[in-house]
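One structure is given here, and the rest of the page talks about it.
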Amino acid sequence: MSSSLEKADDPTKLRRVVIDPVSRVEGHGKVTILLDEAGKVHQVRLHIVEFRGFERFIQGRPYWEVPVMVQRLCGICPVSHHLCASKALDLVVGARRLTETAEKVRRLMHYGQMLQSHALHFFHLASPDLLFGFGSDLAKRNIVGVAAAFPELAKQGIMLRKYGQEVIRITAGKRVHGTGAIPGGVNKQVTAAERDELLAPLPQVLEWARGAVKLVADLHLSHRAEYDRFGTVPSSFLSLVGEGGKLDLYDGTLRARDHAGQILFDGVDPQDYRSQIEENVRSWSYMKFPFIGSLGPDVGWYRVGPLARIQNCDFIDTPLAEEARQQFRAAFAVPENGLVHAPLAYHWARIIELLHSAEVIERLLHDDALLGDELLAKGPRAKSGVGIIEAPRGTLIHHYEVNDQDLVTECNLIVSTTHNNQAMNETIREVARQYLDGKEPTEGLLNHVEVAIRAYDPCLSCATHALGKMPLTLEFVDPSGALVERLVRDGESL
Amino acid sequence: MASEKKKLRVATTSLAGCFGCHMSLLDIDERLLELLKLVEFDRSPLTDIKHCGPCDLGIIEGGLCNAENVHVLREFRKSCKVLVAMGACAVNGGLPAQRNHLDIRDCLQTVYMTGTGIRRGFIPNDPELPLPLDRVHPLHDVVKIDYFLPGCPPPADAIWHFLNDLLAGRTPTLGHGLIHYD
């Protein structure tokens with residue numbers, strides 16, 4: 001499954017096209033494409049160009065600082081990092097089981113995060129491609145264009161995101177970089193008044209979320225021929241799966257399926273993640289390349305995120321999202337255990353999760369245990385802990401070792417977008433084969449490459465946790481290696 | 001009245017930041033639709049414009065951690081009449097500057113060579129990767145900054161208040177409650 005377009009035989013003889021930065025994604029990345037004189041594509045790479053070094057400078061810090069430090073990896077899903085670090089450190093403080101209230105408050109925070117992030121990605125960032133077309137007018141291809149052409153839709157997107165952010169504010173203290181979770185539980189009780197404040201808009205939120213599922217399904221089905229094929233590459237899938245095989249975004253055990261849908265492993269305890277997942281490094285990106293160890297680096301790459309999760313689980317335990325999942329499977333007519341591999345199906349899966357998140361929030365708000373006042377648990381200290389959570393973009397792994405002086409001695413982070421590194425590279429190589437080969441790459445054609453990357457909702461902020469950021473660039477180099485053209489989208493160079 | 005005015009052209013970018021300040025900008029919620037009547041976006045994570053053109057206002061999140069950040073910052077300074085450092089990283093370097101007391105080689109080795117679970121490790125090195133700076137710098141180390149908006153991130157109300165002052169032609173002032181640092 002590894003691609004021949006990863007490395008050109010003789011890059012110095014080729015023309016280089018660069019997309020820099022990749023836009024309407026979070027973070028900084030660039031894409032380079034090498035072409036010969038006939039326009040044949042020889043090499044395509046997504047580079048993550050920034051390095052920040054969190055894994056190193058966390059070392060030597062007291063463990064209790066970690067949940068508020070590491071969330072600064074990413075302002076879009078800070079809650080995911082905040083909770084994932086807290087889950088790992090729960091084990092260090094011996095809280096193998098949280099109080100019922102603490103677990104429910106954390107879950108509420110997490111599903112609020114999921115709702116706001118999925119709304120942001122679809123409405124604010126990706127929807128212009130789907131609503132206006134992949135090669136449509138650059139000037140309109142953004143949220144401003146959506147607000148002008150589809151004002152009601154833009155408003156719904158803004159209000160859905162707002163609702164998720166309000167759930168976070170109430171559970172974490174503030175919308176971005178809150179402080180609600182601490183090792184062993186949470187530090188803030190949810191009051192009845194706060195619960196009621198969140199209950200009031202819920203019927204409207206659920207209605208908008210159902211509308212969004214229908215919109216995304218209709219968009220996919222009305223462009224069926226193109227969407228099913230666009231950049232499609234088969235891969236394995238990895239996610240957490242909850243009790244009894246249900247979709248659970250906060251906790252569970254690891255399950256992976258191969259490209260045919262057969263289980264590769266299941267029920268793997270998060271503490272044992274290293275028995276299954278290893279990482280490699282490439283010279284041309286600061287983002288590492290994880291793979292399933294038993295399969296090896298060439299064929300062991302896999303995908304995470306909404307498309308992995310809704311196909312890896314056996315069912316969804318909320319009725320509206322389960323119905324939407326069934327419709328998704330029926331639409332693709334996938335056989336028992338079969339898998340949909342189209343990257344653009346990520347959008348559909350993501351919005352099913354948005355609906356699911358709204359339903360879970362409703363369930364939690366109606367649970368009296370949410371308002372309890374037992375917030376902290378503890379037990380015998382341990383020296384290490386691994387936390388795994390399903391962040392909006394996929395499986396997130398935090399691993400800390402802590403010494404007797406309470407200082408972190410080792411930190412390993414595998415963020416969601418990193419799991420999709422090889423997959424995004426393979427997908428844009430396939431898009432290059434399908435759309436760029438033999439053609440003069442115009443701005444509209446190059447946006448196809450970005451559409452493929454956006455399907456994964458990459459968070460290049462997270463992915464540069466090493467020391468970093470993500471822009472995309474396209475440059476052309478003549479056969480002698482000299483720069484012929486640098487394609488940028490400022491309207492001046494095109 | 002606003003419809004008669006020319007829209008203010010605004011560019012935004014995130015350098016060595018986490019996008020949290022941009023999230024806080026979006027946290028003005030439905031007021032975003034009001035803002036869109038008064039401003040138009042040039043380069044921004046929200047548009048597909050890749051390089052900053054002539055703008056009235058540039059808003060930058062994040063500090064400087066590599067050569068590319070410095071290049072983009074200079075492009076913004078050249079193109080924008082007014083340049084704003086938004087958030088802790090742009091103002092002070094922020095959390096990424098935690099690496100400033102460490103050796104960059106040591107950081108790179110820990111992450112790419114000696115860390116947990118790496119089968120074949122080495123430090124990435126390619127002409128396509130901008131070179132990391134030895135230290136993370138705030139924006140005003142390199143160019144003149146006209147306004148500083150503190151906070152990690154600055155609250156949405158502070159950003160809203162600040163933009164409204166600018167749009168109305170007033171010198172922006174943030175009153176009590178709008179400046180905080182966490």
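First the proteins, then the strands, lettered A, B, ... as listed; each starts at 1. Computed from heavy atoms alone, side chains included, the values below leave out hydrogens, waters and symmetry copies.
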Any side-chain heavy-atom pair of [X] and [Y] under 4.5 Å:
{"X": "A/Phe54", "Y": "B/Arg99", "value": "no"}
{"X": "A/Val49", "Y": "B/Pro130", "value": "yes"}
{"X": "A/Glu26", "Y": "B/Pro45", "value": "no"}
{"X": "A/Arg161", "Y": "B/Leu26", "value": "yes"}
{"X": "A/Tyr286", "Y": "B/Leu108", "value": "yes"}
{"X": "B/Pro124", "Y": "A/Val281", "value": "yes"}
{"X": "A/Phe57", "Y": "B/Cys107", "value": "no"}

Counting only heavy atoms not in B/Arg120, do more than 12 sit closer than 6.0 Å to its CZ atom? no
Return the minimal non-hydrogen interatomic distance between [X] and [Y], and the atom names on each side.
{"X": "A/Ser23", "Y": "B/Lys50", "value": "OG-NZ, 2.8 Å"}
{"X": "B/Cys18", "Y": "A/Arg72", "value": "CB-O, 3.2 Å"}
{"X": "A/Ala147", "Y": "B/Leu33", "value": "CB-CD2, 4.0 Å"}
{"X": "B/Arg119", "Y": "A/Gly293", "value": "NH2-O, 3.3 Å"}

Pick one of side chain, backbone, both or neither for [X], based on which atoms fall under 4.5 Å of a heavy atom in chain B.
{"X": "A/Ile76", "result": "both"}
{"X": "A/Ser285", "result": "backbone"}
{"X": "A/Glu278", "result": "both"}
{"X": "A/Gln59", "result": "side chain"}

I'd like to verify something: which residue of [options] has the highest number of heavy-atom pairs under 4.5 Å with chain B?
{"options": "A/Ile277, A/Leu125, A/Val176", "result": "A/Val176"}
{"options": "A/Asn142, A/Ile58, A/Val68", "result": "A/Asn142"}
{"options": "A/His124, A/Lys174, A/Gln116", "result": "A/Lys174"}
{"options": "A/His177, A/Gln71, A/Arg61", "result": "A/His177"}

Using a cut-off of under 4.5 Å on heavy-atom pairs, state which of [options] scores highest against chain A.
{"options": "B/Ile118, B/Leu95, B/Asp42", "answer": "B/Leu95"}
{"options": "B/Ser24, B/Pro153, B/Cys152", "answer": "B/Cys152"}
{"options": "B/Ile123, B/Val136, B/Thr13, B/Thr110", "answer": "B/Thr110"}

Can a salt bridge be assigned to the pair [X] and [Y] using a cut-off of 4.0 Å between side-chain N and carboxylate O?
{"X": "A/Lys155", "Y": "B/Glu30", "answer": "no"}
{"X": "A/Lys140", "Y": "B/Asp48", "answer": "no"}
{"X": "A/Arg282", "Y": "B/Glu128", "answer": "no"}
{"X": "A/Lys162", "Y": "B/Asp27", "answer": "no"}

Does anything in residues 75-87 of chain B get under 4.5 Å of chain A by heavy atoms, and if so which residues? none
When rounded to the nearest 0.5 angstrom, what distance separates [atom1] in [X] from [atom2] in [Y]?
{"X": "A/Arg274", "Y": "B/Thr116", "atom1": "CZ", "atom2": "OG1", "value": "5.0 Å"}
{"X": "B/His22", "Y": "A/Leu120", "atom1": "NE2", "atom2": "CG", "value": "11.5 Å"}
{"X": "A/Ser283", "Y": "B/Phe122", "atom1": "OG", "atom2": "CZ", "value": "5.5 Å"}

Heavy-atom distance under 4.5 Å to chain A: side chain of [X], backbone, both or neither?
{"X": "B/Leu32", "answer": "side chain"}
{"X": "B/Leu46", "answer": "both"}
{"X": "B/Leu102", "answer": "side chain"}

Go through the steps to decide whether A/Arg175 and B/Asp29 satisfy the test salt bridge (charged side-chain N to carboxylate O under 4.0 Å, His left out), and finish with yes or no. CA-CA 12 Å; A/Arg175 283 179 167 200; B/Asp29 299 330; 2.8 Å; yes
Distance only, no hydrogens: is a donor on one side chain within 3.5 Å (strictly under) of an acceptor on the other, for A/Arg56 and B/Gln109? no
I would like to know whether B/Thr47 and A/Arg141 meet side-chain contact (heavy atoms from CB on, under 4.5 Å); could you show each step before the answer? CA-CA 7 Å; B/Thr47 71; A/Arg141 214 174 52 213; over 6 Å; no
